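The structure displayed is predicted, hence computed values, not measured ones. Note: hydrogens, waters and symmetry copies are ignored here, and every other heavy atom, side chains too, is used.
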Amino acid sequence: MSEHAGGPVLSPTLAEWRKAREETEQHLANGATPPVGVEWVQRLADLLATERSWQDQYTDLIALGSSDGRFPSSNR
């Protein structure tokens, strides 16, 4: 996606999010069973933080198109 003047840039975050998800899927496919290692737990924490960051940036990007510049709150 192109950068909107002063807006969020999603490409780098999206690439890292996808990489982290692939690493997690590979780890699980290789027979990961509890208890999991400290390194894997850290990678999962990083994945969740990256995913949250990506969601926040995506929400900000979508809000640019709304009349009041804000993303509507969830009904959940």
Run the side-chain contact (heavy atoms from CB on, under 4.5 Å) test against Gln42 and tell me which residues pass, sequence neighbours left out. Ala45, Asp46

Selection residues 13-22 - residue pairs positive for salt bridge (charged side-chain N to carboxylate O under 4.0 Å, His left out), sequence neighbours left out: Arg21-Glu51

Sequence neighbours excluded, which residues qualify as side chain to side chain donor-acceptor pair (under 3.5 Å) partners of Glu25? none

Side chain to side chain contact (heavy atoms under 4.5 Å, CB included) between Glu23 and Arg43, worked out: CA-CA 8 Å; Glu23 289 175 355; Arg43 285 183 173 201; 3.6 Å; yes

All salt bridge (Lys or Arg N to Asp or Glu O under 4.0 Å) counterparts of Asp56, not counting sequence neighbours: Arg52

